[in-house]
Undergrad: 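Pasting a structure below so you can have a look.
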There are 2 protein chains.
Amino acid sequence: MTLGQKIRELREHNQMLQRELASKLEVGDGYLSKIERDQKVIKREHLKTLSTIFKCPLKELEALWVATKVYDIIKYEETGLEALRVAEEQIKYNETYAKI
Amino acid sequence: MTLGQKIRELREHNQMLQRELASKLEVGDGYLSKIERDQKVIKREHLKTLSTIFKCPLKELEALWVATKVYDIIKYEETGLEALRVAEEQIKYNETYAKI
DNA sequence: TATATTTGACCAAATTAAGTCAAGTCAATA
DNA sequence: TATTGACTTGACTTAATTTGGTCAAATATA
C-alpha cells in the first residue's frame with residue numbers, strides 16, 4: 001500500500017470526487033490525481049487535513065509518507081533491500097545509545 | 001556501521017592520512033573529515049575511487065551510501081521503523097509484479 | 001455528450017549538494 | 001611549554017535539484 005493508494009481509497013470510500021478533495025486541500029485536481037498515482041508526494045502538512053477529513057490516524061499517514069520518501073530512494077537501487085537492513089541497524093543502534 | 005565509519009576504517013587500515021585520501025579524491029581534507037563523521041555524504045562517483053584504492057567491493061560501499069540516504073530521512077521520524085517496513089513491502093511488491 | 005481523471009509541459013521558490021577556508025581543538029613531543 | 005601535525009568545526013558559497021504546484025489538452029467512463 002502506497003500513500004497515493006491510501007488517499008484514493010479514503011477518498012473513494014467517502015464517495016468524494018478528486019475535485020472535491022482537491023478543493024478541501026486547496027490544490028488543483030490535476031495535482032491530486034498525480035498524488036494518488038504516486039507521481040508526486042503530497043505536502044506533509046496536508047496529512048493533518050486528510051486525517052481530519054477521513055478520521056484516519058495521522059501516524060498511519062505519516063508512516064506512509066515517510067515510506068514514500070524512502071521508497072523513492074531505493075526503488076531503482078540494486079542494493080535497495082540491503083540498504084534498508086543497514087538503515088534499520090543504524091536506527092536501532094542509535095536508539096540503543098540514544099545518540100540523537 | 002555507517003558509510004563514514006567504513007571510509008575511516010578503510011583509510012586507517014591502510015595507514016593513510018585524511019590529507020592523502022582527500023587529495024586522491026580531489027577534495028579538501030575538511031570535507032573528508034565531515035564525510036567520515038557522517039556530517040556530509042560523499043559524492044556517489046567517489047565510491048568507485050574508494051573501491052579501487054582500498055580494493056573494497058563497490059556494491060558494499062553503494063549499499064552503505066544508499067543506507068545513509070535512507071537513514072537521513074528516517075532518523076528523526078517517530079514512525080521510522082514502520083516506514084522501513086512499508087518501503088520494504090513496496091519494493092517486494094514491485095519486484096514481484098515487475099512494475100519497474 | 002458530459003463528467004471525471006490523467007498527462008505533459010511548464011514554473012518560481014525553496015532546498016540540497018558539494019564543496020572551501022580559516023580558525024579551533026587535541027595529543028604527542030622537542 | 002611551545003610547537004607541530006592531524007583532525008574538527010562553523011560559516012559561507014554557488015550551482016543543481018526538488019518541491020509544490022498550475023493549466024490545458026488528452027483520455028476514459030457512463
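Letters A, B, ... are given to chains in the order of the sequence lines, protein chains preceding strands, and every chain is numbered from 1. When reading the values below, keep in mind they use all heavy atoms of this one structure, side chains included, and skip hydrogens, waters and symmetry mates.
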Undergrad: Taking only N and O in the side chain of K69(A), is any of them less than 4.0 Å away from OP1 or OP2 of dT19(D)?
TA: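 Yes.
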Undergrad: Could you tell me whether K43(B) and E26(B) make a salt bridge, using a distance below 4.0 angstrom between a side-chain N and a carboxylate O?
TA: no
Undergrad: R44(B) or G30(B): which one's nearest nucleotide on DNA chain C is closer to the 5' end?
TA: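 Nearer the 5' end of the strand: R44(B).
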Undergrad: Examine dC7(D): is either OP1 or OP2 under 4.0 Å from a nitrogen or oxygen in the side chain of R37(B)? Give yes or no.
TA: no
Undergrad: Figure out the NZ/C1' separation between K40(B) and dC12(D), and round it to whole Å.
TA: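 So the NZ-C1' distance, K40(B) to dC12(D), works out to 10 Å.
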Undergrad: Just how far, in rounded Å, is P of dG20(D) from CD of E45(A)?
TA: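 Distance, rounded to whole Å: 7 Å.
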Undergrad: Establish, from distance only, whether the side-chain atoms of D38(B) and Y71(B) form a donor-acceptor pair under 3.5 Å.
TA: no
Undergrad: What integer distance in Å separates L47(A):CG from dG20(D):C1'?
TA: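 That distance rounds to 14 Å.
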Undergrad: Identify which nucleotide among dG21(D), dG8(C), dT20(C) has an atom closest to any side-chain atom of K34(A), counting heavy atoms from C-beta outward.
TA: dG8(C)
Undergrad: Please evaluate the base of dG21(D) for a donor-acceptor partner in the side chain of K43(A) within a cut-off of under 3.5 Å?
TA: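 A donor-acceptor contact between them is absent.
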Undergrad: Please determine, for the side chain of Q18(A), which listed nucleotide (dT5(C), dT8(D), dT22(D)) has the closest atom?
TA: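 The nucleotide sitting nearest to the side chain is dT5(C).
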Undergrad: Which distance, rounded to the nearest 0.5 Å, do you find between the CD1 of I53(B) and the NE2 of H46(B)?
TA: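 Nearest 0.5 Å value for the CD1-NE2 distance: 10.0 Å.
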Undergrad: Quick one: I7(A) CD1 to dT5(C) C1', roughly how many Å, whole number?
TA: 16 Å
Undergrad: Is the CD atom of E78(A) crowded by more than 12 outside heavy atoms at less than 6.0 Å?
TA: no
Undergrad: Take atom CD1 of I42(A) and atom P of dG20(D), then tell me their distance rounded to the nearest Å.
TA: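 Whole-Å distance recorded here is 10 Å.
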Undergrad: Quick one: which of dT6(C), dG10(D), dG21(D) gets closest to the side chain of S33(A)?
TA: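 Looking only at side-chain atoms, S33(A) lies closest to dT6(C).
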Undergrad: Base, sugar-phosphate alone, or nothing: which one does R11(B) contact when heavy atoms must sit under 4.0 Å apart?
TA: sugar-phosphate
Undergrad: Whole angstroms only, please: what is the OH-P distance between Y31(A) and dC11(C)?
TA: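 In whole Å, dC11(C) P lies 18 Å from Y31(A) OH.
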Undergrad: Any side-chain N or O of R19(A) below 4.0 angstrom from OP1/OP2 of dT3(C)?
TA: no
Undergrad: Using only side-chain N and O atoms of R8(A), determine if any of them is under 4.0 Å from OP1 or OP2 of dT5(C).
TA: no
Undergrad: Tell me the interatomic distance from M16(A), atom CE, to dA4(C), atom P, rounded to whole angstroms.
TA: 14 Å
Undergrad: For Q39(A), report the nucleic acid contact type (base, sugar-phosphate, nothing); a contact means any heavy atom under 4.0 Å.
TA: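 Sugar-phosphate, backbone atoms only, no base.
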Undergrad: Determine the contact category for G28(A): base if any of its heavy atoms lies under 4.0 Å from a base atom, sugar-phosphate if only primed atoms, P, OP1 or OP2 are that close, otherwise nothing.
TA: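 Sugar-phosphate contact only - G28(A) comes under 4.0 Å of backbone atoms but never of a base.
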Undergrad: Should the pair R85(A)-E89(A) be classified as a salt bridge under the 4.0 Å nitrogen-to-oxygen rule?
TA: no
Undergrad: If only side-chain N and O atoms of H46(B) are considered, is one of them under 4.0 Å from the OP1 or OP2 phosphate oxygen of dG19(C)?
TA: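 True: H46(B) side-chain N/O within range (under 4.0 Å) of dG19(C) OP1/OP2.
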Undergrad: CG of L32(A) versus C1' of dT22(D): gap in Å, rounded?
TA: 14 Å
Undergrad: For the pair E62(B) and K48(B), find out whether any cationic side-chain nitrogen is under 4.0 Å from an anionic carboxylate oxygen.
TA: no
